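Data first, discussion second: the structure below is written as structure tokens.
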Amino acid sequence: MNDRPQTPLLDQVIWPSDLRTLKPGQLRQLADELRQEVISAVGVTGGHLGSGLGVVELTTAIHYVFDTPRDKLVWDVGHQCYPHKILTGRRDRIRTLRQGGGLSGFTKRAESDYDPFGAAHSSTSISAALGFAIANQMQDRPGKGIAVIGDGAMSAGMAYEAMNNAQAAGNRLVVILNDNDMSIAPPVGGLSAYLARLVTSREFLGLRDLAKKLARKLPRPLHNAARKTDEFARGMAMGGTLFEELGFYYVGPVDGHNLDQLIPVLENVRDAAEGPCLVHVVTKKGKGYAPAEAADDKYHGVQKFDVVTGTQAKAPPGPPSYTNVFAQALIAEAQRDPKLCAITAAMPSGTGLDKFALAFPDRIFDVGIAEQHAVTFAAGLAAEGMRPFCAIYSTFLQRAYDQVVHDVAIQNLPVRFAIDRAGLVGADGSTHAGSFDVTYLATLPNMVVMAAADEAELVHMTHTAAMHDSGPIALRYPRGNGTGVAMPETPERLEIGKGRIMREGRQVAILSLGTRLEEALKAAEVLEAKGLSTTVADLRFAKPLDEAMIRRLLATHEVAVTIEEGAIGGLGAHVLTLASDLGLTDAGLKIRTLRLPDIFQDQDKPEKQYADARLDADAIIDTVLTALRHNSAGIGTEARA
Ligand SMILES: Cc1ncc(C[n+]2csc(CCOP(=O)(O)OP(=O)(O)O)c2C)c(N)n1
Ligand SMILES: CC(=O)[C@@H](O)[C@H](O)COP(=O)(O)O
Ligand SMILES: [Mg+2]
């Protein structure tokens, strides 16, 4: 059991207004206590730790200097917001982070006025802060927009789209670039190298430099060619050019753990007459907690842990995770096929591609947080005869939808989409739930969409995708561990659009897609015990559907229930459409579709989330019995009684 830290000063700070009554000399102690409180809380809950530890001083300084919540503070991704939550009236609930009914692990508008904008997907903060700034300007109200964005998030195009458009905000927009030289993995690419050069090419901005810099009074008009040339030359030597060329006044680099520097820098930026400003703050991910600082991933995301040793709770032994099964299957495919390559958008460990990278360092591409680019890059590779696997979480692929449609599907290019975290994901909540991929992919011409029911199926589907050269294909699988089925010695190439019958009955047909199959089989046992002869089919493909099998099952069973880990518009909608196209619904066929409810479900344990969503065996049984009770034959009524 972790002891709670002694925090006498932090105990006096419930809101930022309390913080602002402190003397600058007290802020160091406050930050130290805040850091201990974050460590203690995450020790109990698990969650995102390293990023929050790195912004303890920055969080303290921002709330001390700016007039939050009137000034709108937007944290990019929001995974670093635990210190912010503690300082903004939520300390009493901080040990409920990411638990069912507790605080979200990200910023959330419904939770607090101090969270003006919800986040969890990266690189949205500058656009949102700009929106706040301009809205206040247009309504003649006070209030700045402050975006805090990490160096990893800076790799995404959205950040530049926003900066490109930021001039209109004047001094109402402040961008704080929190540069810890880390994404989840070490950052990649030219931009990251550029930031590193900025940091190493000069000393941290001291107070004298700051005074000099601000005395020059903020950005020159971009049309002043002579100044631009001069600025460019200066920028090459001293840094700042890229941001200044985009119209920002670059201030930095600043030591993000030194409150004596942070506070005056932010005060000056706050009071600057012109803008927008970009403050380049250098921090350490995991700062102040030795086990985090020493870890390769800087404790980006952790299980519950022992605060003294930093040792994280281990998952009980069990079947391998779907992610690992996919990674091993892909490595096996790549051994066979030299044209196979893999792409990740800043998630090498989350997608298992870190293992692929060890085996095939020349055939893996980490493109940074850039899902749109990842998809179109894969399309280019495929067009030139390579066999790319684009491994992206379901929720993050949403960002690249037009690339999937326009660059891949319309051109019928054989890009393989390995869609991890499909279905509900637990503690990350609604922002990370993989609810929509079947809906948004199975609607596209040319696209093949598979969902693995267990880890052996995932091996077959990886092989099937690798062999599928005639167009785009997606395979989806959930977060977490497999079911423990026997693993195949050699993968099988599945026939596209063919499902499998798991058990054959006569009255009830359960048509399952994905890992709800286990619940479908449990439900079938119970129904069978109630005298209802039950078929269970694993459809394997949401597109193309196994029309022959579905037609047969619908025509020969009294009630059919579809079940899937996805939102409306997925398997159920496609089966219903098929049934109506075939005229089967005219004859009074009973079809019920079990799918995710039309709400954004908050974080909880995945089993609880699925039970709440009515996607478990009990819900299947209930659905079948209710459908049969309405049957004029009254079979269900008897069965229930
Ligand atoms: C669109 C999108 N892609 C991927 C992710 C997963 N992700 C969350 S945090 C993170 C790293 C962010 O790095 P950085 O912005 O530097 O913040 P740090 O963790 O270093 O504080 C990634 C890749 C995400 N949240 N959103
Ligand atoms: C903040 C973020 O987007 C990631 O850190 C995410 O929380 C990782 O999720 P997994 O734990 O499922 O990899
Ligand atoms: Mg970073």
Side-chain angles (χ1 to χ4, degrees), residues 46-56 58-59 75-83 97-98 104-107 118-126 147-159 176-189 191-192 195-196 199 256 281-287 292 297-303 315 321-323 344-354 366-375 391-400 420-429 431-434 477-480 603 606:
H48 293 102
L49 182 60
S51 303
L53 292 180
V55 295
V56 163
L58 188 57
T59 309
W75 293 99
D76 205 276
V77 183
H79 62 315
Q80 72 294 66
C81 72
Y82 307 173
L97 272 169
R98 292 164 57 90
S104 164
F106 302 102
T107 51
H121 291 202
S122 89
S123 318
T124 60
S125 61
I126 305 178
V148 185
I149 181 165
D151 54 311
M154 265 288 181
S155 65
M158 253 195 102
I176 300 176
L177 168 57
N178 171 37
D179 183 358
N180 56 18
D181 198 26
M182 272 297 279
S183 187
I184 292 182
V188 291
L191 198 273
S192 159
L195 292 180
V199 172
V281 173
V282 178
T283 61
K284 250 191 182 177
K285 197 162 179 172
K287 172 77 176 173
D297 71 346
K298 307 295 170 202
Y299 279 23
H300 173 84
V302 291
Q303 305 299 319
S321 70
Y322 283 96
T323 301
T344 173
M347 303 298 283
S349 57
T351 56
L353 290 188
D354 53 347
D366 181 349
V367 298
I369 305 181
E371 288 80 5
Q372 297 164 311
H373 161 60
V375 171
I392 301 188
Y393 288 11
S394 168
T395 189
F396 300 142
L397 187 58
Q398 288 161 195
R399 182 162 284 198
D420 203 325
R421 302 326 191 250
L424 300 174
V425 294
D428 272 340
T431 53
H432 281 57
Y477 44 95
R479 190 176 201 278
Q603 73 277 357

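Below, all heavy atoms of this structure are taken into account, side chains as well, without hydrogens, waters or symmetry copies. In each ligand, atom 1 is the first atom listed, and ligand 1 is the first ligand listed. Keep in mind that this is a model prediction, so the values were computed, not measured.
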Tell me which part of N180 gets within contact of ligand 1: side chain, backbone, both or neither, using heavy atoms under 4.0 Å.
side chain

D151 and ligand 1 - part of the residue with a heavy-atom distance under 4.0 Å:
both

Using only atom types and a distance under 3.5 Å, with no angle test, would you say the side chain of [X] pairs donor to acceptor with the backbone of [Y]?
X    : Y    : result
S155 : I369 : yes
Q372 : A370 : no
K284 : G256 : no
R421 : G350 : yes

So if I apply the side chain to side chain donor-acceptor pair (under 3.5 Å) rule between D420 and each of T323, T395, T351, which one comes out positive?
T323

When D151, T283, D76 are each screened for side chain to side chain donor-acceptor pair (under 3.5 Å) with N178, the one that passes is T283

Evaluate [X] for polar contact with ligand 1, using N/O atom pairs at a separation under 3.5 Å.
X    : answer
M182 : yes
A153 : yes
S122 : yes

Name, closest N/O/S atom of D151 to the Mg ion (ligand 3):
OD1

I want to know if ligand 2 touches R479 in the polar sense, i.e. an N/O pair below 3.5 angstrom.
yes

Is there a nitrogen or oxygen of H79 sitting under 3.5 Å from a nitrogen or oxygen of ligand 2?
no

Minimum-distance protein heavy atom relative to [atom]:
atom                    : result
atom 14 (P) of ligand 1 : G152 N, 3.5 Å
atom 23 (C) of ligand 1 : I369 CD1, 3.5 Å
atom 10 (C) of ligand 1 : I184 CG1, 3.5 Å
atom 11 (C) of ligand 1 : S183 OG, 3.3 Å
atom 5 (C) of ligand 1  : F396 CZ, 3.3 Å
atom 13 (O) of ligand 2 : Y393 OH, 2.6 Å
atom 21 (O) of ligand 1 : S51 OG, 3.0 Å
atom 25 (N) of ligand 1 : A120 O, 2.8 Å

By number and element, which atoms of ligand 2 are closer than 4.0 Å to a non-hydrogen atom of [X]?
X    : value
H48  : 1 (C), 2 (C), 4 (C), 5 (O), 6 (C), 7 (O)
I184 : 5 (O)
R421 : 10 (P), 12 (O), 13 (O)
D428 : 6 (C), 7 (O), 8 (C), 9 (O)
F396 : 3 (O)
H432 : 2 (C), 3 (O), 6 (C), 7 (O)

Rounded to 10 degrees, the angle OD1 of N180 makes with O of M182 at the Mg ion (ligand 3):
90°

Given E371, R399, Q372, identify the one with the heavy atom nearest to atom 3 (N) of ligand 1.
E371

Proximal candidate to atom 9 (S) of ligand 1 [heavy atom criterion; set H300, K285, M347, Q80]
H300

For ligand 2, is there an atom lying under 4.0 Å from some heavy atom of V425?
no

Check whether any heavy atom of H300 sits under 4.0 Å from an atom of ligand 2.
yes

Where ligand 1 meets [X] - atom numbers and elements under 4.0 angstrom, heavy-atom basis:
X    : answer
G150 : 14 (P), 15 (O), 16 (O)
H79  : 9 (S), 17 (O), 18 (P), 19 (O), 21 (O)
A346 : 23 (C)

Name the orientation class of the two ring planes belonging to H432 and H121 (parallel below 30°, tilted from 30 to 60°, perpendicular beyond 60°).
perpendicular

